[in-house]
Amino acid sequence: MTRIVYVNGEYLPEDQAKVSVFDRGFLFADGVYEVTSVLDGKLIDFDGHAKRLTRSLNELDMRAPCDSDRLLEIHRELVTRNALVDGMIYLQITRGAPNDRDFAYPAPETEPTLVLFTQSKPGLADSPMAKTGMKVISIEDQRWGRRDIKTVQLLYPSMGKMMAKAAGCDDAWMVEDGAVTEGTSNNAYIIKDGTIITRNLGTEILHGITRAAVLRFAREAQMKVEERPFTVAEAQAADEAFITSASTFVMPVVELDGKSIGTGKPGPVAARLREIYLEESRKAAI
Ligand code: PDD
């Protein structure tokens, strides 16, 4: 089955879906994106992703191509047309394609580019990694200063994943001024003496939609949460560690820079949070 992709108002077979060489996303990484997971054909936390998208657009003075209700319709249409059961929907908006390359933003009436496509991942919620845990390395955080805006400037995170791969690991946690900011495409957490510790929100990290949900569920389950920076040494001495993102949900981390965390196996708190997150998100999926 050929994948059907949405481009600027049209549903097209993927080999016919095209954008201009002058697109600002292509030339300047002048674009924002969202990744929404799909379980059993339903969207997980669509509202959270739509709200963050609006915020990203506003922060960059970028025009929205349509409202959130229309975006929901397109998401659902893609799920249907691609018979998507488990996987993700990738959405990207750019400042459009003026007729030339110019650092200055194009005229405000320039139509933004809107692209959405599906990625099928059968059994997304049953990832074997949830049983084994991930190994991470630490790397310097060399990204720009507005990481709270979900832009498509992903070269450094991509380099980080390659550094992790070269070290025989699954991902990298980025470190700035001695403290962990986040993973290359996820938020980072440690657990010490029953307290869940994760970096406080600011411009240094992406405000994860999964993070917001997991912290809400943790507090509802009477777990203690501290939102503050933590160091690599503190993480290595923690009882457990994990990451969250729309595509991994809650995923345990069992090693950091070659040192086992806790028992070196996924811990009970991360496992419980994963269970609660999946259960509650499935219930609220639309
Ligand atoms: N990444 N931090 C960064 C740098 C991210 O790129 C992501 C998401 C997150 C987690 O955010 P959320 O819980 O809203 O997915 C944190 C997506 C999944 C990606 O780039 O594929």
Side-chain angles (χ1 to χ4, degrees), residues 25 29 31-39 43-56 59 71 75 86-93 115-121 124-125 127 129 134 136 138-164 170-176 179-189 196 198-218 227 229 241-251 253 270 273-274 276-278 280-281 284-285:
V32 297
Y33 77 107
E34 282 297 331
V35 176
T36 304
S37 58
V38 173
L39 291 177
L43 300 161
I44 302 294
D45 225 332
F46 176 81
D47 278 353
H49 290 283
K51 284 201 179 90
R52 183 173 63 192
L53 179 68
T54 301
R55 179 177 182 275
S56 293
E59 291 296 310
L71 287 181
H75 277 75
D86 290 341
M88 283 94 76
I89 298 188
Y90 176 86
L91 170 155
Q92 179 169 331
I93 297 172
V115 170
L116 287 92
F117 58 83
T118 54
Q119 284 189 281
S120 176
K121 301 264 178 206
L124 179 64
S127 164
M129 208 177 249
M134 300 169 57
V136 302
S138 66
I139 60 171
E140 194 190 331
D141 197 335
Q142 294 188 353
R143 296 173 301 162
W144 80 322
R146 289 301 308 275
R147 302 158 195 159
D148 55 315
I149 308 173
K150 198 163 172 62
T151 74
V152 297
Q153 304 174 65
L154 296 175
L155 183 54
Y156 190 69
S158 196
M159 286 167 71
K161 292 256 195 226
M162 294 313 289
M163 288 185 243
D170 305 296
D171 199 11
W173 279 11
M174 295 178 281
V175 176
E176 188 171 60
V180 172
T181 51
E182 58 189 333
T184 58
S185 60
N186 45 70
N187 291 115
Y189 308 72
I196 300 162
T198 192
R199 181 140 190 151
N200 46 299
L201 297 181
T203 50
E204 304 81 15
I205 63 167
L206 185 76
H207 302 186
I209 302 306
T210 322
R211 177 190 184 280
V214 165
L215 293 188
R216 191 173 70 245
F217 298 142
E227 295 181 65
F242 64 94
I243 58 151
T244 64
S245 77
S247 48
T248 60
F249 312 117
V250 175
M251 195 58 78
V253 170
L273 284 172
R274 182 178 172 88
I276 300 176
Y277 176 78
L278 282 170
E280 294 298 323
S281 311

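Both ligands and their constituent atoms are indexed starting at 1 by order of listing. Numbers here simply count residues along the sequence, with the first being 1.
Close approach of ligand 1 to Gly208 (heavy-atom distance below 4.0 Å) involves ligand atoms 11 (O), 12 (P), 13 (O), 14 (O). Below 4.0 Å from some heavy atom of Glu182 lie the following atoms of ligand 1, by number and element: 2 (N), 3 (C), 4 (C), 16 (C). Remark: ligand 1 atoms within the under-4.0 Å shell around heavy atoms of Asn187 are 10 (C), 16 (C). Of all the atoms in ligand 1, the ones that sit under 4.0 Å from a non-hydrogen atom of Val35 are 19 (C), 21 (O). Interface of Thr184 with ligand 1, defined as ligand atoms under 4.0 Å from a residue heavy atom, comprises 4 (C).
Among Ala246, Ser247, Ala213, the residue whose heavy atom lies closest to atom 15 (O) of ligand 1 is Ala246. For atom 17 (C) of ligand 1, the choice among Lys150, Met88, Arg143 with the nearest heavy atom turns out to be Lys150.
Backbone and side-chain nitrogen or oxygen atoms of Gly183 are examined, and none is located within less than 3.5 angstrom of a nitrogen or oxygen of ligand 1. Taking only nitrogen or oxygen atoms, main chain and side chain alike, His207 does not reach within less than 3.5 Å of ligand 1. Of the N or O atoms in Ser245, none lie within a sub-3.5 Å distance of an N or O in ligand 1.
A donor-acceptor pair shorter than 3.5 Å can be found between the side chains of Thr184 and Lys161.
Using a 4.0 Å cutoff on heavy atoms, Tyr33 counts as a contact of ligand 1. Look at Thr248 and you'll find every heavy atom at least 4.0 Å from all atoms of ligand 1. Within the 4.0 Å heavy-atom shell around ligand 1 one finds Arg52.
Of the candidates Glu182, Glu176, His207, Arg147 forms a side chain to side chain donor-acceptor pair (under 3.5 Å) with just one, namely Glu176.
Thr118 places no side-chain N or O within donor-acceptor distance of the main-chain N or O of Ile89, the cut-off being under 3.5 Å.
When heavy-atom distances to ligand 1 are checked against a 4.0 Å cut-off, Leu154 has no atom that comes that close, whether in backbone or side chain.
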